[in-house]
Amino acid sequence: MPELPEVEVSRLGISPLMIGQQISRITVRQPKLRWPVPQAIHQAEGYQILNIRRRAKYLLLDTEPGSIILHLGMSGKLRVLALNAPLQKHDHLIIALDNQHSLRLNDPRRFGACLWQGRDEPTLPLLTRLGPEPLTSDFDGERLYRLSRGRKQAVKNFIMDNAIVVGVGNIYANESLFLAGIDPRRQAGRVGQDKYQQLAEAIKQVLIGAIEQGGTTLKDFAQADGNPGYFAQQLRVYGRSGQACMVCETPVRAVVIGQRNSFYCSQCQR
DNA sequence: ATACGGCCCTGCGTGC
DNA sequence: TGCACGCAGGGCCGTA
């Protein structure tokens with residue numbers, strides 16, 4: 001999936017086409033996503049889309065009675081197409097707009113989600129337990145250092161924990177650790193303050209760079225206009241197992257950490 | 001509290 | 001050509 005940059009690129013792509021438009025109809029073709037799609041999302045029908053926000057990897061389509069929450073899971077894509085454009089396999093959700101266009105959520109693996117957050121309802125737990133956004137000043141090396149004391153898990157898993165910081169998935173965790181020169185297997189509690197400072201900056205830099213490139217397309221991801229993202233060309237370690245490190249030419253190693261494929265340079269990352 | 005494994009799905013590449 | 005298998009951007013939940 002889509003990690004934070006891909007979700008942000010999706011938001012930027014669909015926003016100018018959707019904000020200010022009125023939702024005419026919502027069609028759920030496949031209600032079995034990560035969670036059952038609730039009937040309550042139909043409350044948005046007839047209302048204008050006031051704003052589209054991102055929180056972690058969730059997108060929130062704000063309307064007067066509440067917000068439609070979308071998550072792209074591992075293979076989700078959002079596109080805005082003409083209302084009469086042919087349906088495609090795995091088009092699970094269609095949000096039709098008054099301007100004869102529609103948003104389609106296409107997600108082969110169905111790990112994505114569509115939920116409803118009513119305006120006057122308590123915030124969904126899945127939103128309240130999230131840590132800070134990585135691209136704000138709420139997130140810095142000091143936070144990483146403080147929360148990691150005593151933690152024995154691998155630093156890579158630590159930065160992928162949504163309670164620590166949101167939006168860092170497998171690709172960008174690998175890339176950030178490379179930039180910061182930290183071995184992804186290292187115990188989180190044994191990484192020093194200076195290294196965490198570098199890591200926080202690396203995370204910000206990598207995420208910003210990926211957003212600027214339209215995200216990373218490995219296979220499924222597409223921007224809202226259907227084009228791929230181009231950050232894959234700038235990946236330094238992810239998926240480059242056996243190839244020369246771009247800095248020192250040592251072959252990039254692949255290891256499994258927390259059931260996820262991980263890549264690092266044994267020379268540059270300690 | 002922390003940490004790990006399992007699980008929800010489909011599609012694609014690999015190797016026999 | 002066909003089939004079985006493993007693996008893929010995520011994240012919740014149950015269990016030690």
Give A:Tyr58 one of three labels, base, sugar-phosphate or nothing, depending on what nucleic acid heavy atoms sit under 4.0 Å from its own.
sugar-phosphate
Between A:Gly258 and A:Lys89, name the one whose nearest nucleotide on DNA chain B is closer to the 5' end.
A:Gly258
Listed partners of A:Ala154 passing side chain to side chain contact (heavy atoms under 4.5 Å, CB included), at least two apart:
A:Asn157, A:Ile257
Looking at A:Arg186, I want to see if its CZ is surrounded by more than 12 non-hydrogen atoms of other residues, nucleotides or ligands under 6.0 Å.
yes
If I take atom CG in residue A:Leu124 and atom C1' in nucleotide C:dC12, what distance separates them, rounded to the nearest angstrom?
14 Å
Going by heavy atoms closer than 4.0 Å, what residues in residues 106-116 of chain A are next to DNA chain C?
A:Arg109, A:Phe111
Rounded to whole angstrom units, what separation is found between the CG atom of A:Leu72 and the P atom of C:dG11?
10 Å
Between A:Tyr264 and A:Arg185, is there a side-chain donor-acceptor contact under 3.5 Å, judged purely by atom types and distance?
yes
What is the distance, to the nearest angstrom, from the CG atom on A:Asn162 to the P atom on C:dC13?
13 Å
Can you run through DNA chain C from 5' to 3' and write each base as (, ), [, ], | or . depending on how it pairs? Watson-Crick or G-U wobble, both distances under 3.5 Å.
.|||||||.|||||||
Between A:Arg129 and C:dG11, is there a side-chain N or O to OP1/OP2 distance below 4.0 Å?
no
Counting the atoms with a prime plus P, OP1 and OP2 as sugar-phosphate, which does A:Phe158 contact under 4.0 Å by heavy atoms, base, sugar-phosphate, or nothing?
nothing
Just the rounded figure in Å: distance from P of C:dG10 to CZ of A:Arg55.
17 Å
Check the distance between C:dC12's P and A:His71's NE2 and give it to me in whole angstrom.
8 Å
Could you tell me whether A:Arg119 atom CZ has more than 12 heavy atoms of other residues or ligands within 6.0 Å of it?
yes
If the threshold is 4.0 Å, N to carboxylate O, is there a salt bridge linking A:Glu175 and A:Arg236?
no
I'd like to know whether A:Ser148 forms a side-chain hydrogen bond (donor to acceptor under 3.5 Å, both in side chains) with A:Arg146, so could you lay out the CA-CA distance, the side-chain angles of the two residues, the decisive distance to 0.1 Å, and finally the verdict.
CA-CA 6 Å; A:Ser148 63; A:Arg146 176 166 41 86; over 6 Å; no
Less than 4.0 angstrom between a side-chain N/O of A:Lys219 and OP1 or OP2 of C:dA8, yes or no?
no
Looking at A:Arg29, I want to see if its CZ is surrounded by more than 12 non-hydrogen atoms of other residues, nucleotides or ligands under 6.0 Å.
yes
Do A:Glu201 and A:Gln197 have side-chain N/O donor and acceptor atoms under 3.5 Å apart?
yes
Any chance you could lay out the side-chain contact (heavy atoms from CB on, under 4.5 Å) test for A:Ile171 and A:Glu3, step after step, and finish with the verdict?
CA-CA 8 Å; A:Ile171 295 178; A:Glu3 301 185 30; 3.0 Å; yes
Using the P atom in both, what is the distance from C:dG11 to B:dA1, to the nearest Å?
22 Å
Note: for A:Asn261 and A:Ala56 on DNA chain C, the residue whose nearest nucleotide lies more 5' is A:Asn261
Shortest non-hydrogen separation from A:Arg104 to A:Leu83 and the atoms involved
NH2-O, 3.5 Å
For DNA chain C, the residues among residues 27-39 of chain A that have a non-hydrogen atom under 4.0 Å from it:
A:Arg34, A:Trp35
Please give, in whole Å, the distance from C:dA8 P to A:His90 NE2?
20 Å
In terms of side-chain heavy atoms, does A:Asn162 have a donor or acceptor partner in A:Lys57 at a distance below 3.5 Å?
no
For atom P, what is the distance between B:dG6 and C:dG6, given to the nearest Å?
14 Å
Rounding to an integer number of Å, can you tell me how far A:Leu130 CG sits from C:dG11 P?
9 Å
Which is the 5'-most and which the 3'-most nucleotide of DNA chain B that has an atom under 4.0 Å from a heavy atom of chain A?
B:dA3 to B:dG11
Among A:Leu235, A:Val247, A:Val206, A:Asp183, which residue meets the side chain to side chain contact (heavy atoms under 4.5 Å, CB included) test with A:Phe178?
A:Val247
Applying side chain to side chain contact (heavy atoms under 4.5 Å, CB included), can you list everything that pairs with A:Ala210, at least two apart in sequence or on another chain?
A:Pro5, A:Tyr172, A:Phe231
A:Leu127 atom CG is separated from C:dG10 atom P, nearest whole Å, by 18 Å
Is it the case that more than 12 heavy atoms not belonging to A:Glu249 sit under 6.0 Å from its CD atom?
no
Ion pair check, A:Lys77 and A:Asp107, cut-off under 4.0 Å
no
